[in-house]
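Okay, structure first, notes after.
No hydrogens, no waters, no symmetry mates; every other heavy atom, side chains included, goes into these values. A, B, ... follow the sequence lines: proteins, then strands. Residue 1 opens every chain.
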Amino acid sequence: MSFDHKAIEEKWQKAWLDRTDLVAVPRADQPKYYVLEMYPYPSGRLHMGHVRNYSIGDALARHKYMRGFNVLHPMGWDAYGLPAENAAIKHGIHPRQWTVDNMAYMKRQFLRLGFTYDWTKELATCDPEYYRWNQWLFLKMLERGLAYRKRSRVNWCPSCQTVLANEQVVDGCCWRHEGTPVEQKELEQWFFRTTAYADELLEGMDQLGNWPERVLAMQRNWIGKSIGAQIQFRVVGLEDSITIFTTRLDTIYGATAVVLSPEHPLIEKLLQGMAGGANILARIRQLQGRRPVPAAVQAEKEGIFLGRFATNPYNGEQVPIWVANFVLMEYGAGAVMSVPAHDQRDFEFSQKYRLPIKVVIQNPQHDLNARRMETAYTEYGVLVNSGTYSGLSSEDALRKMAADATQKGFGKTEITYRLKDWGISRQRYWGTPIPVIYCAKCGTVPVPYEQLPVLLPENVQITGLGHSPLREAAQFLHTTCPRCNGPAERETDTMDTFVDSSWYFFRYPNPRYAESPVDSAAVKYWFPIDQYIGGIEHAILHLIYSRFFTKVIRDLGLTETDEPAARLFTQGMVLKDGAAMSKSKGNLVDPDDMIEKYGADTTRMYVLFAAPPEKDLEWNDEGIGGIYKFLARVYRFASRHISELKGVPPAPIGSAEISAEDRKVLRKLHQTIRRITFDFEGRWHFNTDIAALMELVNQLYASEEQISKPVVRETLETMVKLLSPFAPYLSQELWTQLGHSEDLLRVAWPSYDPVLAKEEELEVVVQINGRLRSKIRVREDLTQDELKEVALADPRIAHIVSEQEILKTIIVPNKLVNIVISEQRKPAPTRI
RNA sequence: GCGAGAGUGGCGGAAUUGGCAGACGCGCCAGACUUAGGAUCUGGUCCCGCAAGGGGUGGGGGUUCGAGUCCCCCCUUUCGCACCA
C-alpha cells in the first residue's frame, strides 16, 4: 500500500473541521498552558516564515496536550494596516473586503496545515467588537494623562503618507520601505506616555529570565537609561542660563565650550541685538537643513560660534557658546558642555574649530599632554586641574560634584532616557478611529464611553494623499459636541496598528467579553502566557509596546499581570539563497506548493528539521524530499505489519524471554523517548528529535525480520505518539489503523524505562596520550582497576605500550581509559 | 565605534558536564530489484595514503592526561544600536 498523503490529510481535515475538543475552558483541576504564536497580518497568504513560527508552536501545544495540560492555543488577525489600503488604491477593492478575503484564505491554509487552534477564540482587530476596546483603553489613558496631544516634529514616510513612531524608523528609513528616507514634519499628534513606565520597563526585565538575552539587550538599549547631571551655565550679560546634560560631570573643569542643538529655543534670544545676529541665525537654519534627518549617517561636525559666552558654575570660567549639528534637541537638555580632552565628539569638534583642550582626568599609564593627544581619553581616572576636586577618583567626584550643584542651586542629578513617548496618530484610513471630538467652545472632548465604538465609516474615498481620508468623510467628520451639543469635528487620524497588537493576547481568553477589554477572571486563570513565539523583528516594536500596555492594563485594575509572557522564543528567519524570501527578490517558496506536492505533515516537519528553531533556516528544495521519504518509510513499515497485529498485545516491558534483537529495538525506542521528552523541556532542538525518530525507523528496518510482534506493536504505537507533534495527520491515521479511536492529543505522552534505555554492553574508548587507539567492549560498572586491566590486555594497546613506562592512567568509568606514557620517539622523517 | 551571536565535510546540520568529531538528512558513488526509474532496498561517502598510519572543527598561542567545547590574541561574518553627551 503506497503512502497517499493527500487522502490521509483530507480525511482528517474533514474530521477535524469544527472540532469542539480544542475549546479552552478554565479548569481548576488541571495545570494550564497558554501557548501563543504572534498573530499574522492577513497579507494574502501564509509564507514559510509563518509556517515555521506556527509549526514550532503547534508541536509544543500538541506535546503539552499529551502531557495533560489544559491548553489555550488561540489564533487571530492583525487585520488593520496599510497594505489593505494600498490594495484599495491599486485594485479598487475595499480594504475590508480585501482583508476579509485574505483572512478566509489564510484560515483555510491554517486548517490545511492541521494546527490545533481553538477557533472559537478567533479575533480580528478590524472588528468593531475588538477595536472599540482600543478606543476604551485610549480614553482610560487620556483620563490618566497617559495619552496626550502635542505639536511636534515627527517622522513622516512619504511612501506610507503617514507618520511613523521612532521605533518604526530603521536606519533613517521607513521600516516598511527600505529605500525611503523618513522626513520630518511638524504635526499635532497623539502620544502615549511610554516614558512614564521607562523605569519599570527596564526593571521588569529582571522577571524575564526566560526571554532571549538578545531581545533584552535590544530593549535595554532602546530605553537607554543614563544617569548624569543637569548643570546650568549662566549666559554672560543676560539673565538666562543654559542647562546642559552630562554623564561626565567629573570632567567639567575641562569644558571649553557650551554647544547647543540648532533647534534650541534659546538661540534666537541669545542672538537678539547682536551685531550680525540675523546672519548667524540664517546660517544656523541652513545647518539644520543640511543635517541628515534623522541622523542616519554620521555627518561632518559643523558648528557656529554665537558670539556669546557662558559661565562654568564650578570655576567661574567663561566659555564660548556654539551651535552644532551633532547636538540633538530630542535628547537630554538639547545642549552639552564640550570637553575635548575626554569626549571623542568634542575632541573632533575642537580640532576642527581650534578650540582649546584641557586635560582634567589623568591617565595612570602615561601623562596626557593636551597638545599631543590624538584621541580623547574617555576612561575614568583621577581628577587634575579641577580645583578642590583634584585628586578625587571620577566615581567620587561624580557624587560630590552633583551634591554640591544641588546644594548651590546650579544643578542636580538627572536621569534621561532614549525612549520617547509613542506617537500613535496615523493619517490613514484603515485603522482604529481615535475617539476624540474637537469643539470650538469646549476644546478637545473625549467621546463618552457609551458612544463607543466610534465606527470606521465604510464609504470613504481612499487616495493616499497625505491626510487622513476620514477628513473627506463628511458624515464621519461632522458631529456634535458631547458637552455642549454644538457643532464639532471628530479626530480624523487613526491609531497606529501596533496599538491593536499590544494587548490582543489579553483578549483571547474571552474574545466576546462585552463588559471590558479583558475578562479579568479568565485572564487570571490563563496568564501569564507560558510561551510566546515569534520573529526577532519584533524585539523592540511589538514587544516593548506590549509590555507597556500590560502595565497600563494592570494599573487600570483589570489584571494583576506585570509582564505578558513568562517565556519568549524568537525563531530564526527562513532564507533562500542567503536572503530573506520576498516577492521583490523573486525567491519565494510558497507553502501551498509544498503542501500540494508533499503534504502538510512533510512541510511542517521539514521546517522543523532543516535547522534548530532559533537559527536562520536556509531553504533547500531538495531537502524536503528527505522528510517525505521518511514519512513514507514510516507508513510502509506500519502497513506491512498492522494487519498481523490485531489482538497482539504490546511487548511486556522487562520480559525475560525477549530476543536480543527485540531488546535492541526496545533500547532504541526508549532512548528516543528519553531524548525527545528531554528536548521538549525547553531546548526545542526539534531537528535532532526528528533525526532521532529517523534513527529509530532505520533500526526498525534493519531488525524487521527478527523482531516479535509485541515489540513491533509497542514500537509502532510509541513511535506514532512521538511523531504526532511534528506530523499529526500520519500519526493520527496510523494510531487509528492500530485500532485506537481516541484523538492522539488525549493520549498520554510515553515515558521511558531507564533500564531498557541503557546500553547493556558499553564501548569504552582507550586512548594513549589522549589519542584514540582502541575500543573495548565491557560490562557496565567495572571498577577502575578492572577497566585498566582490560584496556591493557587489548592487543593493540599492549603492542604500543609494551616496553614503555606507564606514567599515569585516567579512567572515566563506563566511558574512557587514557594511558599516559612517555612520548614515543618519532621515527626520523624520511626526506627525499 | 559600541553591544550580542556565529565560523565544523560538496550542502543543511549533530556532538546535553571538557572524554570516540561529522549523528540525521540532502547530494554524490556503487550494488540489488526492475521493461524502465527522478520509486524502493542495501552498502559507501572528512582529507592524504594500496596499506600500516597520519592530518583535521576560521588562524595563532595557552590551560589540561585529554579542547569543536575553557582562557588570551587575531581574522571573517550575521544581527542590533549608532554624534544619546
Checklist entry - Between Glu695(A) and Lys668(A), does at least one N-O distance fall below 4.0 Å, as a salt bridge requires? => result yes
Next on the checklist: Please report the distance separating the P of U78(B) from the corresponding atom of G13(B), rounded so that it comes out in whole Å.
Outcome noted: 16 Å
Next on the checklist: Measuring from the side chain of Lys301(A) (C-beta onward, heavy atoms only), which nucleotide among C83(B), C41(B), A14(B) has the closest atom?
Outcome noted: C83(B)
Item to check | Ionic contact status for Lys412(A) with Glu414(A), cut-off 4.0 Å | outcome: yes
Next on the checklist: Rounding to an integer number of angstrom, what distance separates U16(B) and G53(B) when you compare their C1' atoms?
Outcome noted: 34 Å
Item to check | Asp621(A)/Lys576(A) ion pair, N-O < 4.0 Å | outcome: yes
Next on the checklist: Check the phosphate of G13(B) against Thr688(A), side-chain N and O only, distance under 4.0 Å to OP1 or OP2. Yes or no?
Outcome noted: no
Checklist entry - Who does U45(B) pair with, Watson-Crick or G-U, both distances under 3.5 Å? => result G27(B)
Next on the checklist: Assess whether a salt bridge exists between Arg248(A) and Asp250(A), defined as any Lys/Arg side-chain N lying under 4.0 Å from an Asp/Glu carboxylate O.
Outcome noted: yes
Item to check | Watson-Crick/G-U partner (both atom distances under 3.5 Å) of A32(B) | outcome: U40(B)
Next on the checklist: Less than 4.0 angstrom between a side-chain N/O of Arg220(A) and OP1 or OP2 of C81(B), yes or no?
Outcome noted: no
Checklist entry - In whole angstroms, how far is the C1' atom of G80(B) from the CG atom of Leu541(A)? => result 13 Å
Checklist entry - Think Lys615(A) has a side-chain N or O under 4.0 angstrom from the OP1 or OP2 of G12(B)? => result no
Item to check | Whole-Å distance separating the CG atom of Asp689(A) from the P atom of U16(B) | outcome: 14 Å
Checklist entry - At under 4.0 Å, does any side-chain N or O of Arg214(A) touch on OP1 or OP2 of A6(B)? => result no
Next on the checklist: Please classify the nucleic acid contact of Asp616(A) as base, sugar-phosphate, or nothing, using heavy-atom distances under 4.0 Å.
Outcome noted: sugar-phosphate
Item to check | Nearest-angstrom distance from the residue atom CD of Glu618(A) to P of G27(B) | outcome: 16 Å
Next on the checklist: Can you measure His685(A) atom NE2 to A23(B) atom P for me and round it to whole angstrom units?
Outcome noted: 18 Å
Next on the checklist: Of the options C83(B), G12(B), A85(B), whose atoms approach the side-chain atoms of Ala610(A) most closely?
Outcome noted: G12(B)
Checklist entry - Whole Å only: how far is the CG atom of Asp250(A) from the P atom of A85(B)? => result 14 Å
Next on the checklist: Within a 6.0 Å radius of atom CD on Glu705(A), are there more than 12 heavy atoms belonging to other residues, nucleotides or ligands?
Outcome noted: no
Item to check | C83(B) to G10(B) separation - P atoms, rounded to the nearest Å | outcome: 43 Å
Next on the checklist: Syn if the chi torsion is within 90° of 0, anti otherwise; quick check, which is G61(B)?
Outcome noted: anti
Next on the checklist: Can you confirm whether Phe347(A) sits close enough to Ile357(A) that some side-chain heavy atom of one is under 4.5 Å from a side-chain heavy atom of the other?
Outcome noted: yes
Checklist entry - Once the angle between the rings of Phe637(A) and Tyr701(A) is folded into 0 to 90°, is it parallel (under 30°), tilted (30 to 60°) or perpendicular (over 60°)? => result tilted
Item to check | N or O in side chain of Arg418(A) less than 4.0 angstrom from A82(B) OP1/OP2 | outcome: yes
Checklist entry - Contact class for Asp679(A) vs. all strands (heavy atom < 4.0 Å): base, sugar-phosphate, or nothing? => result nothing
Checklist entry - Quick one: on RNA chain B, does Ala611(A) or Met573(A) contact a more 5' nucleotide (nearest heavy atom)? => result Ala611(A)
Checklist entry - Nearest to the side chain of Asn221(A), which nucleotide is it out of A23(B), C81(B), C26(B)? => result C81(B)
Checklist entry - C1' atom, U69(B) versus G19(B): distance in rounded Å? => result 11 Å
Checklist entry - So, is Asn698(A) near the phosphate of G25(B), with a side-chain N or O under 4.0 Å from OP1 or OP2? => result yes
Checklist entry - Would you call Thr246(A) and Ile252(A) a side-chain contact if the rule is heavy atoms closer than 4.5 Å? => result no
Checklist entry - For Met218(A) and G3(B), what is the distance between atoms CE and P respectively, to the nearest whole Å? => result 16 Å
Next on the checklist: Parallel, tilted or perpendicular, judged at 30° and 60°: which one describes the rings of Phe245(A) and Tyr331(A)?
Outcome noted: perpendicular
Item to check | 5' priority, RNA chain B, between Trp222(A) and Arg674(A) [closest heavy atom] | outcome: Arg674(A)
Next on the checklist: When the P atoms of C28(B) and A39(B) are compared, how many Å lie between them, rounded to an integer?
Outcome noted: 10 Å
Item to check | Nearest listed nucleotide, side chain of Met694(A), among A85(B), C26(B), C24(B) | outcome: C24(B)
Checklist entry - Taking the side chain of Asn687(A) as its heavy atoms from C-beta onward, which of G13(B), G25(B), A15(B) lies nearest to it? => result G13(B)
Checklist entry - Expressed as a whole number of Å, how far does the P atom of A30(B) sit from that of C71(B)? => result 47 Å
Next on the checklist: Taking the basic N atoms (NZ, or NE/NH1/NH2) and the acidic carboxylate oxygens, is any pair closer than 4.0 Å for Glu213(A) and Arg220(A)?
Outcome noted: yes
Checklist entry - Would you say His5(A) and Tyr598(A) make side-chain contact, with heavy atoms under 4.5 Å? => result no
Checklist entry - How would you label the contact of Ala217(A) with the nucleic acid (heavy atoms, under 4.0 Å): base, sugar-phosphate, or nothing? => result nothing
Next on the checklist: Need one value for Phe630(A): base, sugar-phosphate or nothing, where a base atom within 4.0 Å counts as base even if backbone is also close, heavy atoms only.
Outcome noted: nothing
Next on the checklist: What's Glu695(A) touching, base or sugar-phosphate or nothing? Going by heavy atoms closer than 4.0 Å.
Outcome noted: sugar-phosphate
Next on the checklist: What's Phe609(A) touching, base or sugar-phosphate or nothing? Going by heavy atoms closer than 4.0 Å.
Outcome noted: base
Item to check | Pairing partner of G1(B) (Watson-Crick or G-U wobble, both distances under 3.5 Å) | outcome: C81(B)
Item to check | Pair assignment for U17(B), Watson-Crick or G-U wobble, requiring both distances under 3.5 Å | outcome: none
Next on the checklist: Taking the C1' atom in each of C2(B) and G66(B), what is the distance between them to the nearest angstrom?
Outcome noted: 38 Å
Item to check | Nearest-angstrom distance from the residue atom CD of Glu705(A) to P of U42(B) | outcome: 11 Å
Checklist entry - Quick one: which of A85(B), C26(B), A15(B) gets closest to the side chain of Arg683(A)? => result A15(B)
Next on the checklist: Quick check for you: among C81(B), U40(B), C26(B), whose closest atom lies nearest to any side-chain atom of Arg636(A)?
Outcome noted: U40(B)
Using the 3.5 Å cut-off, write out each protein N or O paired with an N or O of nucleotides 65-69 of chain B and the distance between them.
{"residue": "C65(B)", "atom": "OP1", "partner": "Lys808(A)", "partner atom": "NZ", "Å": "3.2"}
{"residue": "C65(B)", "atom": "O2'", "partner": "Asn818(A)", "partner atom": "ND2", "Å": "3.4"}
{"residue": "C65(B)", "atom": "O2", "partner": "Asn818(A)", "partner atom": "ND2", "Å": "2.3"}

Checklist entry - If we call it a pair only when both distances are under 3.5 Å in a Watson-Crick or G-U wobble match, what pairs with U57(B)? => result none
Item to check | P atoms of C33(B) and G22(B), separation to the nearest Å | outcome: 33 Å
Next on the checklist: Could you tell me how far apart Leu631(A) (CG) and U40(B) (C1') are, to the nearest whole angstrom?
Outcome noted: 16 Å
